[in-house]
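Numbering of ligands and ligand atoms starts at 1, following listing order.
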Amino acid sequence: MKNRDSKNHLQGKSIYIDDIPEISGTLYGLVYDSPIAHAKIINIDYSKAEELDDIVRILTYKDVPGENQIGAIIQDEPLFAEGEVHFIGQPIAFIVAKSELAARKAKKLIEANFEEKTIVTDPREAHKNKSYIAPPRTFKIGETKNIWETCEHIISGRVKSGGQEHLYLETQGAYAVPAEDGNIKLYSSTQGPTAVQKIAASVLNVKMNKIEVDVTRLGGAFGGKEDQATPWAIMVSLAAQILNSPVKFALNRHDDMRMTGKRHPYDSDFKMGLSKDLKILAYEADYYQNAGASADLSPAITERTLFHSTNSYFVPNTRTTVYSCKTNLPPNTAFRGFGAPQGMFLIEAAIHKAAEEIGVRVEEIQKQNLITINDEFPYGQLAEEDGAVKSWETAEKDFKLKELFSEVESYNSENKYLKKGVAVTPVTFGISFTNTAMNHARALVHIYQDGSIGISTGAIEMGQSVNTKIMQVAAHFLSVSTSRIKIETTNTTRVANTSPTAASSGADLNGQATQVACIALYKRLTGFAAKHFNVEVEKISIKDEFIYIEDKKTDWNWETLVEQTFLARIALTENGHYTTPKITFDKTKEKGHPFAYHVFGSAITTCTVDCIRGTYEIDSVKVVHDFGVSMNKLIDNGQIEGAVVQGIGWVTMEEIAYDEKGRLLSNALSTYKIPDILFAPKSIDIIHLKTDGHKFAIMKSKAVGEPPFNYGIGAYFAIQNAIKAYNSNFKSDYNSPATPERVLMGLYQK
Ligand code: LUZ
Ligand code: MOS
């Protein structure tokens, strides 16, 4: 089944925030944000701006009736700056005007006086000052203290990975419409409607039931709207509350890039010890995470880095520590992978360096150390499946890895200025929110008396096709056609207290809640049919919209059954609730069983480097991926393709640059480039690893959103290998992204 929205998308008919028909009298908001990265606010004069025609009101922290606070995990982030500013782009005031143009003019007339303070943008500098978002966290297994003397090889080094701009097609935005009695209906481009509702209530000093958040879909999010859709939604709500008018704010690209956080850049140190036969005996890592000016989701991202610090490998002795460093940058936030890619990049770099120093192939070390059944992850959970080994072996065999290596070698010996490189990237990713309490969901299923069906869940459709999957689930468990099913908007009055659609778990959690509701409705309907036909309920079934008694088709179809059940005064609505079984985590010990299951895979990346220009192309990415039993191959393969390209972008061309004043230099699409169709790998081949699926995955179909992002990491190492093929003196500095400038420097390194 195709994404149910594909036709509307293609025709430009799909509705996003900026497409919602505006109610007359709608006002337009604009944020006045800090032009300085760290300063005391001496004085701000809004008078000239306020005098401008069409300016209705300029709101500041003084206008907040409740808490001027939007921090979700740690309450360290004001909605509007009060006495100080901590990053360029920090909201100070919200201009409300009759037109966006008027608001933009007014913004230029605001006169501010700041007393500048010392700016820190580097996480290691913040670490020196012990300036953290939260205390450091450490995961340990075994003991690394005395193991080093037993190691044949000890490798250490420093590794950096860069930030990443989400670049969702639809920028951040929200539209608030006041209703009677101080109620507000809020349209928000958010992954987390409940978070928006809860924080809006707290800022506006009303109860949650006064705020109705409604989401049709997002034009992409990638984690960038898990937490950071909130401020704009709160600002329009506040303005709507105070002015009793509809208020809208959809950011332009420039404002969005400047004001929002990105993937966390990491700067890390590692030490790795290996035995003579290349077993990794010990691994230590210190990660300096650049968190920006406030916590946002950094504490949770910290955790996921630690959970995935050893990627697909079993290492008996590890000690890993994340320092979440406070800097004068916009708060960095969730981005597909959520700290895991940074952790995986480090251990892959460590192994790459170890192979070079020992003088063996990288793949020898990788393969030797893959995690298998009953090996323990550093957080205490045991591997229950051997997907790491199986996916590696399948990739090796089905993609003819040995032949590929020799083809690349002969290509490199025949070509002087074009060199190819290959890298294999195993990936293991844990599925569940690392915060156990977030792993639950609900679905509200109505069967209307004409047999059509409406489903509401907490899932947010953001292009990943979760709504299509939910439709498939309902169609399967009710045995009806998907054409009968409508997926409703995600709305906090229909499905409450939701977790954000994040952590790759949207289809798993909301799909299984839908499954629970549909099974209950199926039982109720077949129970009624059994009474009607006067047979035992076990003999009744619904198959493709017809009612059967054992193998015999009756003259009742779906519509008759629904109508008759309704006339018998039986409820045709069900609310399904699902919680992930078995998961626990004890933060005091940093041990437990946090994940419902793991997703495994291995990818082979091949690239060609132009050794005169330092430019490169990605020839192919060949993936063996553990989908479980995919419920929709078209959608799931699409997720792999998108994730692979996005991951490659992270380690190659996407470079976030701030100047020493904390000003974002890569602040537009002219200076920040993401992969386009020309840069995408010439081929992406995907093999579905043969497994029986996992019982905790929706219809045995494993979560697919984030794990494959990490295959992109392979592009970095493929490029390093190609550089080495040209310049045998080359020693990688493991500083990602491998921009053409850096590649060129490497090619001519002495
Ligand atoms: N968001 C979150 C996530 O709040 N918790 C998580 O564990 C997570 N993991 C991946 C992506 N987003
Ligand atoms: Mo996310 S990084 O919002 O799953």
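What sits closest to atom 7 (O) of ligand 1 on the protein, heavy atoms only, is T434 N, 3.0 Å. At the top of the distance list for atom 4 (O) of ligand 2, counting protein heavy atoms only, stands A503 N, 2.6 Å. Of all protein heavy atoms, the one closest to atom 1 (Mo) of ligand 2 is E226 OE1, 3.4 Å. Scanning all protein heavy atoms for the shortest distance to atom 2 (S) of ligand 2 gives R336 N, 3.3 Å. With respect to atom 5 (N) of ligand 1, the closest heavy atom belonging to the protein is F433 CD2, 3.3 Å.
Separation of the H688 and F627 ring centroids falls under the 6.0 Å cut-off. For Y283 and Y313, the ring centers are positioned 6.0 Å apart or more. Taking the six-membered ring wherever Trp is involved, the centroid distance between the rings of H308 and F595 falls below 6.0 Å. Here the two rings, on F307 and Y379, have centers that are under 6.0 Å apart. Between Y323 and Y266, a ring centre-to-centre spacing not shorter than 6.0 Å is recorded.
In this structure, E590 contributes its side chain and K140 its backbone to no donor-acceptor pair below 3.5 Å.
Proximity of F338 to ligand 1, defined as any heavy-atom pair under 4.0 Å, is confined to the side chain (atoms from C-beta onward). At a heavy-atom cutoff of 4.0 Å, ligand 1 is contacted by no atom of E303, backbone or side chain. Residue-level proximity to ligand 1 for A503 is carried by backbone and side chain together, each with a heavy atom below 4.0 angstrom. At a heavy-atom cutoff of 4.0 Å, ligand 1 is contacted by the side chain of E706 but not by its backbone. Of all the heavy atoms of E706, the ones lying under 4.0 Å from any atom of ligand 2 belong exclusively to the side chain.
Counting atoms of ligand 2 from 1 in the listed order, those under 4.0 Å from a heavy atom of F335 are 2 (S). Residue contact check: M438 has heavy atoms under 4.0 Å from atoms 4 (O) of ligand 1. Within ligand 2, the atoms closer than 4.0 Å to a non-hydrogen atom of F338 are 2 (S), numbered from 1 in the order shown. Contact atoms of ligand 2 toward A502: 1 (Mo), 3 (O), 4 (O) (distance under 4.0 Å to a heavy atom of the residue). With ligand atoms numbered from 1 in the order given, ligand 2 contributes 1 (Mo), 2 (S), 3 (O) to contacts under 4.0 Å with heavy atoms of G223.
For the pair R336 and ligand 1, no heavy-atom separation below 4.0 Å is found.
Looking only at side-chain heavy atoms (C-beta outward), I684 and I686 come within less than 4.5 Å of each other. Residues R263 and Q342 are in side-chain contact: their nearest non-hydrogen atoms beyond the backbone lie under 4.5 Å apart.
Between D214 and R494, at least one side-chain N (NZ, or NE/NH1/NH2) sits under 4.0 Å from a carboxylate O, which counts as a salt bridge.
The shortest N or O to N or O distance between E226 and ligand 1 is under 3.5 Å. Considering backbone and side-chain N/O atoms, S432 never comes within less than 3.5 Å of an N/O atom of ligand 1. At under 3.5 Å, not a single nitrogen or oxygen of T501, backbone or side chain, sits near a nitrogen or oxygen of ligand 2.
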Item to check | M257 vs E165, side-chain contact (heavy atoms from CB on, under 4.5 Å): CA-CA, chis, key distance, verdict | outcome: CA-CA 7 Å; M257 291 180 90; E165 164 64 43; 3.9 Å; yes
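Taking the six-membered ring where the residue is Trp, F249 and W232 present perpendicular rings, their angle passing 60° and hence far from 30°.
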